Amino acid sequence: MTEIHRGLAGVNVDTSQICSIDGERGELIYRGYDIRELADQASFEEVVHLLWFGELPTRSELDALRDGLRPAFDLPGEVLDLLARTPKGTAPMHALRTAVSALAAFDDDADDTSEANLRRVGTSLLGKIPAIVAAYQRLQAGQEPVAPDPNLGVAANFLRMVNGEEPSDAATRVMDVALVLHAEHGSNASTFVARATASSLTDPYSAITAAIGSLKGPLHGGANYGVMQALESIGDLAGVEPYVHGKLAEEGGRVMGFGHRVYRVMDPRATILKGVSERLAQESGDAKWFEMSLEMERVMDAAMEAKGKQVKPNVDFFSASVYRMLGFAKETYTPIFALSRTAGWMAHLFEQYADNRLMRPRLVYEGAKGKTFTPVDQRG
Ligand code: CMC
C-alpha cells in the first residue's frame with residue numbers, strides 16, 4: 001500500500017532553525033525563546049531581528065534595523081494609484097496580494113536572491129505591507145492615506161497610518177504584542193507555500209504574494225475575520241450556544257477560531273490574547289465581545305469534550321475581540337496577520353534560498369487508464 005499523507009500531515013520536508021512547536025504541551029518557541037516571554041517583553045522589531053538573524057539584537061543592531069525601516073514605509077505612487085483604483089468593496093486581502101505583486105515592478109533587483117538582497121527586500125516589505133493595508137483601508141472609506149512617520153516603529157506607524165492620529169502607548173503595546181504573536185509559526189500553510197514557491201528559485205515577491213493568497217483562506221489567517229463575522233451575526237450572549245450547536249450539527253460545520261493541526265491543548269498565543277482581550281474589555285468598559293468569546297469557548301469545550309475531540313481556541317479566536325477593541329474593521333484582521341507574518345515568511349525564505357531543493361512531492365494517480373484517442377467529430 002502506498003502511504004498517503006493528506007494535507008502533508010506529519011511529513012518532515014526539511015530542517016529549520018527558526019521555530020519549534022510542541023502541540024501536546026502548548027509550547028511555541030522562536031529561535032530558543034518561549035513566545036510568552038517574547039510577548040511579554042519584546043518589540044516586534046526585536047522579534048524580526050531574532051527571526052532573521054538568529055539572536056535578539058544589541059541596541060546598535062536594533063537601531064540599524066529601525067534605520068533600515070524608516071524609508072521602507074513609503075509606497076511608489078503607482079501602487080497607491082492602483083489601490084485607489086481598486087473597485088470599492090474588494091476584500092483587502094485581494095488588494096494586498098495584488099499590490100505586493102505589483103511592488104516587484106518597482107524593484108530593479110527583484111530577481112536577485114542573494115542573502116543581502118533578500119534582507120533588503122524583507123526590510124522593504126516589512127514597511128510597505130503595513131503601509132498598503134493602512135492606505136487601502138482609508139481609501140475604501142473615502143479617506144486620504146496618511147503618510148508614514150519615519151520615526152515610528154511598525155506597530156505605532158501602522159496604527160497612525162490607519163487612524164490618522166498618534167496612537168497611545170497602550171494601543172501601540174497591544175499592537176506590538178499581536179504582531180509578536182503572529183510573526184512566525186513553523187511550516188503553516190502560507191509559510192510552506194512561500195518556501196515551495198521560492199524553491200523554484202523564483203523571486204521573493206512571488207513567494208510572498210503566494211503566501212498572502214494562502215493566508216487569506218478561512219482555514220488559515222482568514223479565520224480571524226470569520227470569528228468576528230460569527231460573533232456579529234450571533235449578536236448577543238444568549239445566541240452563542242444555539243449558534244455553536246447549529247454549526248456543529250451541519251455537515252462539516254466548523255466554528256472559526258477553534259482547532260489546529262498541531263496543538264492538542266490551547267494554542268499558547270490564544271492564552272495570551274485571551275488575557276489581552278480581558279484587560280481591554282475591563283479598560284474600555286465594553287466587555288461584549290470578550291464575554292461572547294468566553295461563552296463560545298465554554299460551549300465549544302463542552303461540545304468537543306462530549307465528542308472526545310481536542311479542539312481548542314487558536315490564535316485567531318481571541319485576536320478578533322482584541323482587534324475589535326483596538327478599533328479595526330473586521331476586514332483588516334487578516335491583513336494585520338499578513339503584515340506580521342511577513343517577518344516569518346522572510347525568515348523562511350532566507351533559509352530556503354540559502355540551501356534550496358525544488359519542492360516536488362508526488363500525487364498517487366487513481367484516474368482512468370488505457371484510453372484511445374477519438375477525433376472530435378466522432379465523439380458521442
Ligand atoms: N469546529 C468544529 N469541528 C472542528 C473544528 C472546528 N473549528 N476544527 C476541527 N474540528 C473537528 C473536525 O470536524 C474533525 O472531526 P472528525 O475527525 O470527526 O472529522 C476533527 O476535529 C479534526 O479536524 P480536521 O479538520 O481533520 O483537522 P485538521 O488538522 O485538518 O484541521 C483546522 C485544522 C485548523 C483546519 C481546523 O481545526 C479548522 O477548520 N478550524 C477552523 C478554522 C480556523 O480557526 N483556522 C485557524 C487555524 S490556526 C491559525 C491560522 O493558521 O491562522
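Each residue takes its place number in the sequence, starting with 1. What you see is a predicted model, and the numbers here were worked out from it, not measured in a lab.
Panel note: side chain Asp109, backbone Asn117; no donor-acceptor pair is recorded below 3.5 Å. Thr123 contributes a side-chain N or O that, together with a main-chain N or O of Arg119, makes up a donor-acceptor pair within less than 3.5 Å. Judged purely by atom type and a 3.5 angstrom limit, Arg195 has no side-chain atom pairing as donor or acceptor with the backbone of Ser187. A donor-acceptor contact shorter than 3.5 Å links the side chain of Asp267 to the backbone of Val315. Not one N or O on the side chain of Tyr30 forms a donor-acceptor pair closer than 3.5 Å with the backbone of Leu50. For Arg97 (side chain) and Thr209 (main-chain N/O), no donor-acceptor pair under 3.5 Å exists by modelled atom type. When atom types are taken as modelled, the side chain of His182 and the backbone of Ala338 share no donor-acceptor pair closer than 3.5 angstrom. Judged by distance alone, with hydrogens and angles left aside, the side-chain atoms of Thr172 form a donor-acceptor pair with the main-chain N or O of Ser168 at under 3.5 Å. Between the side chain of Ser340 and the backbone N or O of Ile336 there is no donor-acceptor pair closer than 3.5 Å. Side chain of Arg70 to main chain of Pro150: a donor-acceptor pair is present (N/O by atom type, distance under 3.5 Å, no hydrogens or angles).
Here CZ of Arg360 is found 11.5 Å from OG of Ser199. Values are rounded to the nearest 0.5 Å. In this structure, Asp63 CG and Glu45 CD are separated by 11.0 Å, a value rounded to the nearest 0.5 Å. Residue Met93 holds its CE atom at 11.0 Å from OG1 of Thr98, rounded to the nearest 0.5 Å. Distance check: Leu118 CG to Trp52 CH2 gives 10.0 Å after rounding to the nearest 0.5 Å. Taking CZ of Phe106 as the start and CD of Glu78 as the end, the distance is 4.0 Å to the nearest 0.5 Å.
Leu103 and Pro76 make their closest contact through CD2-CD, 3.9 Å (heavy atoms, listed as atom of the first residue, atom of the second, distance). Taking each heavy atom of Ser319 and Leu273 in turn, the nearest pair found is CB-CD1, 3.8 Å. Closest heavy-atom contact between Met161 and Pro148: SD-CB, 3.8 Å. Nearest heavy atom pair, residue Thr15 against residue Glu351, reads O-OE1, 4.0 Å. Across all their heavy atoms, Gln140 and Thr86 have their closest contact at NE2-O, 3.7 Å. Taking each heavy atom of Ala39 and Arg173 in turn, the nearest pair found is O-NH2, 2.7 Å.
With a 4.5 Å cut-off on side-chain heavy atoms, Thr90 and Tyr136 count as touching. Counting heavy atoms from C-beta outward, Leu62 and His49 have side chains that stay 4.5 Å or more apart. By the 4.5 Å heavy-atom criterion applied to side chains, Gln352 and His348 are not counted as neighbours. When side chains are defined from C-beta on, His5 does not count as touching Pro361, because their heavy atoms never get closer than 4.5 Å. Between Glu46 and Leu38 there is no side-chain heavy-atom pair separated by less than 4.5 Å. Side-chain contact check for Leu126 versus Phe44: some heavy-atom pair is nearer than 4.5 Å. Contact of the Val154 side chain with the Leu339 side chain is registered, since non-hydrogen atoms from C-beta on lie closer than 4.5 Å. Side-chain contact between Leu152 and Glu166: present, with at least one pair of heavy atoms (C-beta onward) separated by less than 4.5 Å.
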Full working for side chain to side chain contact (heavy atoms under 4.5 Å, CB included) between Phe258 and Met296: CA-CA 10 Å; Phe258 288 85; Met296 196 176 260; 4.0 Å; yes
Please assess Val121 against Leu349 for the test side chain to side chain contact (heavy atoms under 4.5 Å, CB included), listing each intermediate value before the final yes or no. CA-CA 11 Å; Val121 172; Leu349 292 188; over 6 Å; no
Side chain to side chain contact (heavy atoms under 4.5 Å, CB included), that's the test. Do Val13 and Phe192 meet it? Break it down for me. CA-CA 10 Å; Val13 290; Phe192 178 69; 4.2 Å; yes
Evaluate Ile212 against Arg341 for side chain to side chain contact (heavy atoms under 4.5 Å, CB included), listing each step before the verdict. CA-CA 9 Å; Ile212 292 169; Arg341 186 56 59 84; over 6 Å; no
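By the criterion of side-chain heavy atoms lying less than 4.5 angstrom apart, applied directly or through intervening Ile, Leu, Val, Met, Phe, Trp or Tyr residues, Phe350 is grouped together with Leu56 in one hydrophobic cluster. Following chains of ILVMFWY side-chain contacts shorter than 4.5 Å, one can reach Leu80 starting from Tyr205, so the two form part of one hydrophobic cluster. Linking ILVMFWY side-chain heavy atoms closer than 4.5 Å, directly or via other members, places Val265 and Ile29 in two distinct hydrophobic clusters. Put simply, Leu139 and Val100 are part of the same group of oily side chains (I, L, V, M, F, W, Y) that touch within less than 4.5 Å, one to the next. Phe290 is connected to Ile234 through a chain of hydrophobic side-chain contacts under 4.5 Å among Ile, Leu, Val, Met, Phe, Trp and Tyr, so both are in one cluster.
Cation-pi geometry between Arg269 and Tyr263 is not met at under 6.0 angstrom from the ring centre and within 45 degrees of the axis.
By the 30° and 60° cut-offs, the orientation of the rings of His260 relative to His185 is perpendicular.
Under the 3.5 Å distance criterion, with hydrogens and angles disregarded, a donor-acceptor pair is assigned to the side chains of Ser114 and Asp112. With hydrogens and angles left out, the side-chain atoms of Asn157 and Arg160 include no donor and acceptor closer than 3.5 Å.
Remark: Asp107 does not engage Lys128 in a salt bridge, criterion side-chain N to carboxylate O under 4.0 Å. For the pair Lys274 and Glu278, the salt-bridge criterion is not met [side-chain N within less than 4.0 Å of a carboxylate O]. A salt bridge links Lys312 to Asp301: one of the charged nitrogens lies within less than 4.0 Å of a carboxylate oxygen.
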Identify each donor-acceptor pair in which a side-chain atom of residues 370-380 lies under 3.5 Å from a protein atom, sequence neighbours left out, and give them as a table.
residue, atom, partner, partner atom, Å
Arg379, NE, Thr374, O, 2.8
Arg379, NH2, Thr374, O, 2.9

Give every donor-acceptor pair under 3.5 Å between a side-chain atom in residues 219-232 and any protein atom, sequence neighbours left out.
residue, atom, partner, partner atom, Å
His220, NE2, Asn188, OD1, 3.3
His220, NE2, Ser190, N, 3.2
His220, NE2, Ser190, OG, 2.9
Asn224, OD1, Thr334, N, 3.4
Asn224, OD1, Thr334, OG1, 2.8
Asn224, ND2, Tyr333, O, 3.2
Tyr225, OH, Gln229, NE2, 3.4
Glu232, OE1, Lys330, NZ, 2.9
Glu232, OE2, Arg324, NH1, 2.5

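The environment of CD in Gln143 is crowded: more than 12 heavy-atom neighbours from other residues, nucleotides or ligands sit within 6.0 Å. In Glu55, the CD atom is not crowded: 12 or fewer heavy atoms of neighbouring residues, nucleotides or ligands sit closer than 6.0 Å. Other residues, nucleotides and ligands contribute at most 12 non-hydrogen atoms within 6.0 Å of the CD atom of Glu115. For Glu250, the CD atom counts as densely surrounded, since its 6.0 Å shell holds more than 12 non-hydrogen atoms of other residues, nucleotides or ligands.
Partner of Arg36 under the side-chain contact (heavy atoms from CB on, under 4.5 Å) criterion, out of Ile272, Leu181, Leu28, Thr271: Ile272 alone.
Checked against ring-ring contact (aromatic ring centres under 6.0 Å, His included), Phe158 has the following partners two or more places apart in sequence or in another chain: Phe328.
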